[in-house]
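Single-structure report; data block below.
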Amino acid sequence: MQKNPTLFPLLIIIFLALFLAACAGSSQPTAISGQAKPTVPAEYAGKSNPLAGDPAAIEAGKQRYAANCTPCHGASGMGDGPAAQSLNPKPQPLAKEMSTLQDDYILWRIAEGGAMAPFHSAMPAWKNIFSQEQIWQVMAFLRTLK
Ligand code: HEC
């Protein structure tokens, strides 16, 4: 029986293609949710919300969230806003994640957004739009979501 000389290179090419496809798949921008969160930069690390639980802050934050965050994060913070479908990566169900996120991490993410590694997302940076107090207000509201 004679071997087919073209078959072996062909198999290599097929395996290579499958291998490359697998690699490309794993380097897609994946949701950060559920994985270990990146370390909070020194500028934000250790900060905690001075307005936590404050009813006036929660109310102010609620309005700010409704006006600015719902298009992507959804009215109840489940990541189902009208703009969410077209985003990659998509917003996570923030309401569910809140209990696992520290104040300093949330502050950092709201202030600096998702333009940088490892996020590379459409999450806007709010630090030039909101004062730090306004970010704390939004966070106080986020903590009420479940
Ligand atoms: C244009 C869409 C968009 C808007 C508007 C937006 N976000 Fe986001 N946000 C995202 C996306 C997408 C992610 C997920 C990717 C990431 O972590 O960067 C995200 C992530 C976050 C995270 C980090 C969640 C985590 O688990 O790491 C927080 C906190 C957050 N957003 C809060 C807010 C708040 C508060 C507002 C309003 C002031 C807001 N976002 C407005 C798209 C948006």
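Given the structure is predicted, the values throughout are model-derived calculations rather than measurements. The chain is numbered in sequence order, starting from 1.
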Rounded to the nearest 0.5 angstrom, the CG-CD distance for L107 and E43 is 9.0 Å

Which of these, Q137, M139, H73, sits in a side chain to side chain contact (heavy atoms under 4.5 Å, CB included) with Y65?
-> H73

Smallest heavy-atom separation, K96 atom then S99 atom, equals O-OG, 3.8 Å

Given side chains that start at C-beta, do those of L94 and L145 come closer than 4.5 Å, heavy atoms only?
-> no

Check whether any side-chain heavy atom of D54 sits under 4.5 Å from a side-chain heavy atom of W136, and report yes or no.
-> no

Give a yes or no answer on whether the side chain of D104 reaches the backbone of G46 with a donor-acceptor pair at less than 3.5 Å.
-> yes

Does I110 belong to the same Ile/Leu/Val/Met/Phe/Trp/Tyr cluster as L87, with side-chain heavy atoms less than 4.5 Å apart forming each link?
-> no

NZ/K90 to CD/Q92 distance, rounded to the nearest 0.5 angstrom?
-> 10.0 Å

Between the side chain of K37 and the main-chain N/O of Y105, is any donor-acceptor distance below 3.5 Å?
-> no

Which atoms form the tightest heavy-atom contact between C72 and A83, and what is the distance?
-> SG-CB, 4.2 Å

Assess R109 against F119: is NZ or CZ under 6.0 Å from the centre of the six-membered ring, and within 45 degrees of the ring's axis?
-> yes

Distance from Q63 atom CD to N68 atom CG, nearest 0.5 Å?
-> 11.5 Å

Establish, yes or no, whether the cationic atom of R64 lies under 6.0 Å from the six-membered ring centre of F141 and within 45° of the ring axis.
-> no

M123 and Y44: same hydrophobic cluster, using ILVMFWY side-chain contacts below 4.5 Å?
-> yes

M78-I106 co-clustered via ILVMFWY side chain contacts under 4.5 Å | no

Main-chain N/O of D103 paired to N49 side chain as donor or acceptor, under 3.5 Å = no

Interatomic spacing from CD1 in I135 to CG in L51 - rounded to 0.5 Å = 11.5 Å

Taking all non-hydrogen atoms of both residues into account, name the closest pair between P38 and P118 and its distance.
-> CG-CG, 3.6 Å

Take atom CD of Q134 as the centre, draw a 6.0 Å sphere, and report whether it contains more than 12 heavy atoms from other residues, nucleotides or ligands.
-> yes

